[in-house]
Student: 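What follows is a single structure, and I will ask about it in a moment.
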Amino acid sequence: MEDHVDGGGVKRVLILAFCVVGIWAAYITQGVLQETISTKRFGADGKRFDHFPFLNFAQSVICFVWSFVMIKLWSSSSKGSAPLWSYWSPSITNTIGPTMGMEALKYISYPAQVLAKSSKMIPVMLMGTIMYGVKYTIPDYISTFLVAGGVSAFALQKTSSRTMSKLANPNAPLGYGLCFLNLAFDGYTNATQDSIKARYPNTNPWDIMLGMNLWVSIYSGLYTFVGPLVPNWSYGNGYEAVRFCQEHPEAAWDIILYCLCGAVGQNFIFLTISRFGSLTNTTITTTRKFMSIVVSSVVSGNPLSPKQWGSVAMVFSGLSLQIFLKWQKLQKLKKKKKGV
């Protein structure tokens, strides 16, 4: 949770607000595009695109190219930035983690997965503490549990009784196990990115984006294009995905837009990680769906129950505490700097 004293408090608040708006806007739009790609029928034959592992590969390639162009256009110097090889291990977990999340949906319902993923901030803190010795205060943990608990309680109250009855199906332990591994891998990815930034302070957001997407492109490219060459391979056939896009150019354009939204979102994500750390970034991404549900409920005239408003209060209490703790820490760093 290291913060850099790179400007006044107002400037940092504006940058953080800019990151929040950017992340939410990019990924809400990408979510709409993903739903379109997965449900839309393309061409006269009315076929659906079902090669979703290919989307991870396509997005990583476009994000790599995007970050390379941004570095050439805007980055004055990469001297002192983290070497590309340092991203090989967090990129493995960043590639495998989402895949496990998708596999988990075969055994548990989507609301159950949302409930599990609402605690994503906790693995980030645990991995940072266990692997890299990051120290968090008791108020840090309290704020995290308030946000995670509030999001979990809200999601649970929005879940129907019919869906709740499905959360304990015979294959649920496997589904929750995959969710746990997904969260653990996400925690390792975020904690390692923080460690890389701490070891190489001159690393800018585009450097992180370039390094991560280079390795993710390699790993995802292997299982989408090399994997299908193995007999009986049944997952992520990149050749079939490319053939589908050739036969249905409209699908290719939708995929390109989907990937561009991911590139814009990653710009804001790595800016957040670079300036404020992975825990702040995880808080923003965790509360995104929560906020969209709250706003949708209010705008549509579907009032929230008292228990749901209690969950909203928990989340905002946790977020307010996090903002206060960061402001307090910034003030201490300023005083320390003036005293030197």
Side-chain angles (χ1 to χ4, degrees), residues 1-4 6 12 15-16 18-20 22-23 26-27 56 59-60 63-64 66-68 70-71 75 78 80-101 117 119-136 140 144 181-220 262-288 322 326 329:
M1 287 186 69
E2 291 298 322
D3 287 311
H4 302 288
D6 56 357
R12 287 180 62 78
I15 293 174
L16 181 59
F18 181 61
C19 291
V20 171
I23 290 173
Y27 285 109
N56 293 333
Q59 179 174 272
S60 62
C63 288
F64 171 78
W66 177 294
S67 57
F68 180 81
M70 291 297 103
I71 288 173
S75 184
S78 59
S81 62
L84 290 176
W85 60 261
S86 61
Y87 298 98
W88 74 270
S89 63
S91 297
I92 290 178
T93 51
N94 195 43
T95 303
I96 298 176
T99 302
M100 288 187 167
K117 286 193 171 186
S119 61
K120 185 178 178 180
M121 293 174 289
I122 297 172
V124 171
M125 297 180 79
L126 292 177
M127 285 292 184
T129 301
I130 294 170
M131 298 195 64
Y132 301 108
V134 180
K135 294 182 178 179
Y136 296 96
D140 288 330
T144 296
L181 289 174
N182 183 9
L183 291 173
F185 284 172
D186 284 348
Y188 174 81
T189 299
N190 289 313
T192 304
Q193 287 173 344
D194 279 346
S195 176
I196 291 172
K197 177 61 182 175
R199 282 183 286 136
Y200 303 95
N202 291 332
T203 301
N204 64 47
W206 289 317
D207 291 327
I208 304 174
M209 187 174 175
L210 180 78
M212 290 293 296
N213 283 289
L214 169 64
W215 288 99
V216 171
S217 296
I218 293 172
Y219 298 144
S220 57
V264 173
Q266 283 195 23
N267 270 280
F268 290 106
I269 280 178
F270 291 123
L271 175 60
T272 304
I273 291 173
S274 178
R275 294 294 186 107
F276 305 100
S278 287
L279 183 59
T280 300
N281 174 66
T282 305
T283 302
I284 294 170
T285 54
T286 300
T287 55
R288 174 177 58 84
Q322 284 189 9
K326 285 186 173 293
K329 189 172 183 180

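Everything quoted here is computed from the prediction, not taken from an experiment.
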Student: Could you measure the distance from the OH atom of Tyr200 to the OG atom of Ser195? Nearest 0.5 Å is fine.
Tutor: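 Separation between the atoms: 9.0 Å.
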Student: Who pairs with Thr93 by side-chain hydrogen bond (donor to acceptor under 3.5 Å, both in side chains), at least two apart in sequence or on another chain?
Tutor: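 For Thr93 the side-chain hydrogen bond (donor to acceptor under 3.5 Å, both in side chains) partners, ignoring immediate neighbours, are Thr189.
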Student: How about Leu271 and Asn267: do any of their side-chain heavy atoms sit closer than 4.5 Å?
Tutor: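 Side-chain contact under 4.5 Å: no.
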Student: The test is side chain to side chain contact (heavy atoms under 4.5 Å, CB included); show your working for Tyr219 and Ile96 and say whether it passes.
Tutor: CA-CA 9 Å; Tyr219 298 144; Ile96 298 176; over 6 Å; no
Student: Just say parallel, tilted or perpendicular for the rings of Phe64 and Phe68, cut-offs at 30° and 60°.
Tutor: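 Parallel: the ring planes of Phe64 and Phe68 meet at under 30°.
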Student: Could you go through the side chain to side chain contact (heavy atoms under 4.5 Å, CB included) check for Ile284 and Leu16 one step at a time?
Tutor: CA-CA 10 Å; Ile284 294 170; Leu16 181 59; 4.1 Å; yes
Student: Would you say the side chain of Ser89 lies within less than 4.5 Å of the side chain of Tyr188, judging by non-hydrogen atoms?
Tutor: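 Result yes, sub-4.5 Å side-chain heavy-atom pair found.
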Student: Passes side chain to side chain contact (heavy atoms under 4.5 Å, CB included), Met212 versus Asn94? Steps please.
Tutor: CA-CA 8 Å; Met212 290 293 296; Asn94 195 43; 3.8 Å; yes
Student: Taking all non-hydrogen atoms of both residues, which atom of Pro90 and which atom of Ile196 are closest, and how far apart?
Tutor: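 Smallest heavy-atom distance, with atoms named: CG-CD1, 4.4 Å.
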Student: Report the distance from atom OH of Tyr87 to atom CG of Leu210, rounding to the nearest 0.5 Å.
Tutor: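 Atom-to-atom, Tyr87:OH and Leu210:CG are 8.0 Å apart.
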Student: Do the non-hydrogen side-chain atoms of Trp88 and Ile218 ever get within less than 4.5 Å of each other?
Tutor: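 Side-chain contact under 4.5 Å: no.
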Student: Evaluate Trp215 against Ile92 for side chain to side chain contact (heavy atoms under 4.5 Å, CB included), listing each step before the verdict.
Tutor: CA-CA 8 Å; Trp215 288 99; Ile92 290 178; over 6 Å; no
Student: Less than 4.5 Å apart, any side-chain heavy atom of Asp140 and any of Thr144?
Tutor: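 Not touching, per the 4.5 Å side-chain cut-off.
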Student: For a quick test of reading the model, state the closest non-hydrogen atom pair linking Ala263 to Met209 and the distance between them.
Tutor: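 Nearest pair, atom of Ala263 first, then Met209: O-CE, 3.5 Å.
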